[in-house]
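Computed from a predicted structure; not experimentally measured.
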Amino acid sequence: MNTPSPVRIPAVWVLLAAAIPGLLFAPVFGLRPLLLPVGAVLVACYAAVELCLRVKALQPWRPLVAAVLGFLALCVAMFGVPSVGNLGTMVSGVTDSWQLVVQSTWPVRPGAEAMLFVPLLVLLAAVIGIELLRWPATALLPGIAVLVVSQAFAAVSGTMAVVAALGFAVVAAGLYIPRWPGLMLVPTVVLGVVGAAVGALIDVDEPYSVQRNDSAQVPLPRTISPLAEVAARLGKPDTPVFSYTTDGPVDRWRLVVLTRFNGVTWEPSDEYRRLGAQLGPPADAASVRYSARIQAPTGQWLPSQGLPASVTGAAPLIDPATGALLLPDRQGAVEYDLSWWEPQADEKLPDAALSSVDAPGGLGVIPPDIQELAATATGGMRPSFRTALLLEKYLRDNYKVVTGGVLPTGSGWPQLRDFLVQSKRGTSEQFAASYVAMARIVGIPARLAVGYRAPRTPVGAETIVHNRDILVWPEVAVAGFGWVPLDPAGGAGGAGPAPSRLAQITAQARDKVQPPDKVPEPPLPPPPPVPLPDPPFDYPKAVLWAIIGLVGPVLLALLVVPVTKIVRSLRRRRRTGADGVVAAWWEARDLMRAHGSRITPGMTPRDLARATSDASIVNALRGMAGQLDVALWSGSGADDHAVASAWAEVRQIRRTLAGRTWGARLRAVFAIR
């Protein structure tokens with residue numbers, strides 16, 4: 001740069017052009033966490049510009065100086081003073097931060113490792129943009145590239161989109177102010193507002209989002225299923241497991257939900273994500289938010305609820321479909337705050353239909369006598385929530401829970417068949433696994449949950465959960481209510497400081513369940529209306545309308561010229577006195593022009609007569625010339641007789657022209673003049 005001083009203000013505009021797209025990552029991380037790292041990049045880059053202006057020897061190295069200062073400022077702002085301890089975290093953030101975002105629920109936890117790629121993009125755009133200041137439009141391109149990336153992650157809309165567009169337009173105008181002061185600001189701002197408004201008003205399909213279209217699941221570590229520990233924990237019932245203090249009703253804590261069954265083992269889903277800052281409430285039901293503080297000394301699976309809202313004090317993985325929390329790198333005890341959404345179910349639950357969209361599958365090879373037993377337990381009723389309660393009642397009434405001695409283990413088909421057909425004694429593991437298996441056989445969507453019953457203590461008091469509280473229970477998918485926990489072993493009934501709203505409604509429905517021979521099945525919902533078939537396509541009518549649509553405008557266009565001429569002639573005929581004679585001359589002149597005579601603006605009837613070879617027209621024009629002389633120059637004007645005589649000459653000319661060929665007459669009709 002030969003004249004460095006003009007660089008300062010354009011550099012500020014370029015830095016803002018890089019910062020605005022960086023702040024548009026707000027839907028991913030929130031706006032506040034982005035302000036410090038993006039601001040640090042801006043300050044460092046501008047400091048590099050000032051340094052290079054004052055030290056001439058550094059000007060050739062300005063990109064490197066800006067990049068180094070920007071990166072150092074960014075690391076200090078996000079990681080603290082660089083050291084050996086946080087060097088690995090910085091390197092991990094540079095290489096893996098964007099991957100952490102696609103593996104997380106949104107909004108993402110605003111940690112430095114996940115956010116680092118955003119200020120790095122801002123830094124890159126700022127350094128390149130400053131070096132392209134010689135061409136202002138080109139200097140905006142790095143910022144626009146960051147803008148595209150930010151909108152690919154999460155497109156902003158509404159007021160935020162308008163403000164961002166306006167801000168970017170002002171920045172673009174600011175780059176041109178030194179060259180054309182006052183010229184570029186207004187139109188650029190207007191175009192920015194118009195473009196943003198149009199973008200906000202146009203109703204488009206759901207925009208592309210990295211979270212929705214390219215999200216990634218987290219590779220799961222090797223874990224021990226809590227289901228395999230049920231018998232062992234029941235053998236040491238007095239061993240404490242974890243403690244908690246809650247501000248709301250809790251009847252059970254879940255560790256893991258097992259959805260897949262191959263006939264031998266039950267496995268959880270592998271759709272685990274990193275838990276972001278928070279999860280919203282269910283969209284289809286009213287809910288209340290509760291929280292608890294939990295101290296868990298051991299184990300990778302953290303006690304949770306069905307709909308977690310947030311976790312502070314730990315950064316677990318989450319299965320959003322089940323609410324299960326997994327802390328794979330856990331070392332030692334952990335203390336965390338869990339908040340969750342508790343759906344407020346209503347009395348419509350007993351008559352609700354089952355959900356057809358949340359149906360996990362897998363049963364392996366089903367023993368034939370189990371299929372018959374499942375049909376007997378449900379009375380052959382079609383799948384419904386009442387059928388699910390009927391199956392729960394069948395297991396409660398016909399099987400016994402083992403509480404001491406040698407406890408049965410295993411939940412594969414051999415163990416379940418022994419429980420269902422022979423021993424009829426088991427722990428909640430066999431009860432719940434048998435329930436889920438038979439429910440799936442008869443078409444009820446069900447899954448297996450493992451956790452602990454909540455001991456009966458007052459709300460707000462510290463509660464210690466022991467091994468004897470371990471519980472396995474089934475959950476069935478109910479339309480409009482989500483997954484509803486059931487209790488075929490009767491192990492969770494009466495537990496907890498107070499039952500949840502969903503547990504209360506479920507208990508009421510359970511008390512009213514009756515054998516299928518005493519109560520009719522709930523009525524089926526009305527079938528969806530069958531859409532009427534479309535009427536056959538009327539090709540002749542369509543062709544007719546197509547012809548009308550094509551020919552009609554052409555005909556209208558053709559009629560415009562002759563109709564206009566007729567109207568013009570009628571208006572001329574209404575004139576009187578000298579104006580009437582002049583109007584007759586204008587009519588005669590236009591008739592001759594329509595038939596191809598070349599008429600100049602100053603031409604008189606005698607001039608036109610000399611240019612015409614037809615004797616009849618010549619005589620008519622000469623007669624009209626005499627009438628014009630009398631009307632205009634004699635001082636006596638023209639009476640009605642003179643006007644009639646002039647129009648008689650026009651009729652003579654028209655009759656003479658009517659003797660010409662059809663082609664000439666047709667061209668005269670549609671001639672414009």
Does W413 use its side chain to pair, donor to acceptor, with the backbone of L363 at less than 3.5 Å?
yes

Minimal heavy-atom distance between L395 and P488, with the atoms involved, is CD1-CB, 3.9 Å

Show, in sequence, the C-alpha distance, side-chain angles and deciding distance for R233 and D469, and conclude whether the salt bridge (charged side-chain N to carboxylate O under 4.0 Å, His left out) test is met.
CA-CA 9 Å; R233 289 186 177 276; D469 298 315; over 6 Å; no

For E475, give me all partners under salt bridge (Lys or Arg N to Asp or Glu O under 4.0 Å), at least two apart in sequence or on another chain.
R254, R447

From R386 CZ over to K393 NZ, what is the distance, rounded to the nearest 0.5 angstrom?
14.5 Å

Would you check if L349 and L502 make a side-chain contact, meaning some heavy-atom pair closer than 4.5 Å?
yes

Taking E392 as the fixed residue, which of L486, V476, D397 is the one that meets the side chain to side chain contact (heavy atoms under 4.5 Å, CB included) rule?
L486

What is the minimum heavy-atom distance between T245 and G460, and which atoms define it?
CG2-O, 3.2 Å

I need the L390 CG to R510 CZ distance, nearest 0.5 Å.
13.0 Å

For a 4.5 angstrom cut-off between non-hydrogen side-chain atoms, does Q99 reach D96?
yes

Sequence neighbours excluded - ring-ring contact (aromatic ring centres under 6.0 Å, His included) pairs with any residue from residues 420-458
F242-Y452, F419-F431

Close side-chain approach of T239 and K236, heavy atoms under 4.5 Å
yes

Under 4.5 Å between any side-chain heavy atoms of V101 and F29, yes or no?
yes

Check: R330/Q300 side-chain N/O donor and acceptor closer than 3.5 Å:
no

Between Y244 and W253, is a side-chain contact (heavy atoms from CB on, under 4.5 Å) present by the stated rule, with each step listed?
CA-CA 11 Å; Y244 66 90; W253 295 93; 3.3 Å; yes

Applying side-chain contact (heavy atoms from CB on, under 4.5 Å) to I505 and F481, what does each step give before you reach the verdict?
CA-CA 11 Å; I505 300 299; F481 293 86; 5.9 Å; no

Closest non-hydrogen atoms of Y290 and P249, given as atom of the first, atom of the second and distance, are CZ-CD, 3.5 Å

Whether S355 side chain and A479 backbone form a donor-acceptor pair below 3.5 Å:
no

Please give me the minimum heavy-atom distance between I318 and P320, naming the atom from each residue.
O-CD, 3.3 Å

Check step by step if side-chain contact (heavy atoms from CB on, under 4.5 Å) holds for V257 and L448.
CA-CA 6 Å; V257 176; L448 193 64; over 6 Å; no

Taking the side chain as every heavy atom from C-beta outward, state whether K424 and N398 have any atom pair closer than 4.5 Å.
no

For T298, give me all partners under side chain to side chain contact (heavy atoms under 4.5 Å, CB included), at least two apart in sequence or on another chain.
none

Partner residues of E342 under the salt bridge (Lys or Arg N to Asp or Glu O under 4.0 Å) criterion, sequence neighbours left out:
none

Using the test side chain to side chain contact (heavy atoms under 4.5 Å, CB included), find all partners of E335 that sit at least two apart in sequence or belong to another chain.
R293, Q295

May I ask you to say whether R468 pairs ionically with D238, meaning some side-chain N is under 4.0 Å from a carboxylate O?
yes

When the ring centroid of F117 is compared with that of F25, is the distance short of 6.0 Å?
yes

Begin with the C-alpha distance, continue with both residues' side-chain angles, and end with the deciding distance and a verdict on side-chain contact (heavy atoms from CB on, under 4.5 Å) for I224 and W301.
CA-CA 9 Å; I224 298 176; W301 301 95; over 6 Å; no

Just wondering, do T246 and T463 contact through their side chains at under 4.5 Å, heavy atoms?
no

Hey, is the main chain of Q430 close enough, under 3.5 Å, to the side chain of S434 for a donor-acceptor pair?
yes

Min side-chain heavy-atom separation V450-W473 under 4.5 Å
no

Say you draw a straight line from CG of L275 to CG of L326; how long is it, rounded to the nearest 0.5 Å?
12.0 Å

Between R274 and L100, which heavy-atom pair has the shortest distance, and what is it?
NE-CD2, 3.5 Å

Would you say the side chain of T387 lies within less than 4.5 Å of the side chain of I444, judging by non-hydrogen atoms?
yes

Any donor and acceptor pair, going by atom type alone, linking the side chain of T378 with main-chain N or O of A374 inside 3.5 Å?
yes

Gap separating the OG1 atom of T427 from the CG atom of L471, nearest 0.5 angstrom:
10.0 Å

Which distance, rounded to the nearest 0.5 Å, do you find between the OG1 of T105 and the CZ of R273?
8.5 Å

Scanning both residues in full, the closest heavy-atom pair of A114 with R109 reads CB-O, 4.1 Å

Only distances under 3.5 Å count here; give the side-chain donor-acceptor pairs of residues 303-313 to other protein atoms, sequence neighbours excluded, each with its distance to 0.1 Å.
unit_1, atom_1, unit_2, atom_2, d
S304, OG, G323, O, 2.7
Q305, NE2, R252, O, 3.0
S310, OG, R289, NH2, 3.1
S310, OG, S339, OG, 2.7

E372 atom CD, neighbour heavy-atom count above 12 within 6.0 Å
no

Would you give the length of the straight line joining atom OG1 of T322 to atom CG of L255, rounded to the nearest 0.5 angstrom?
11.0 Å

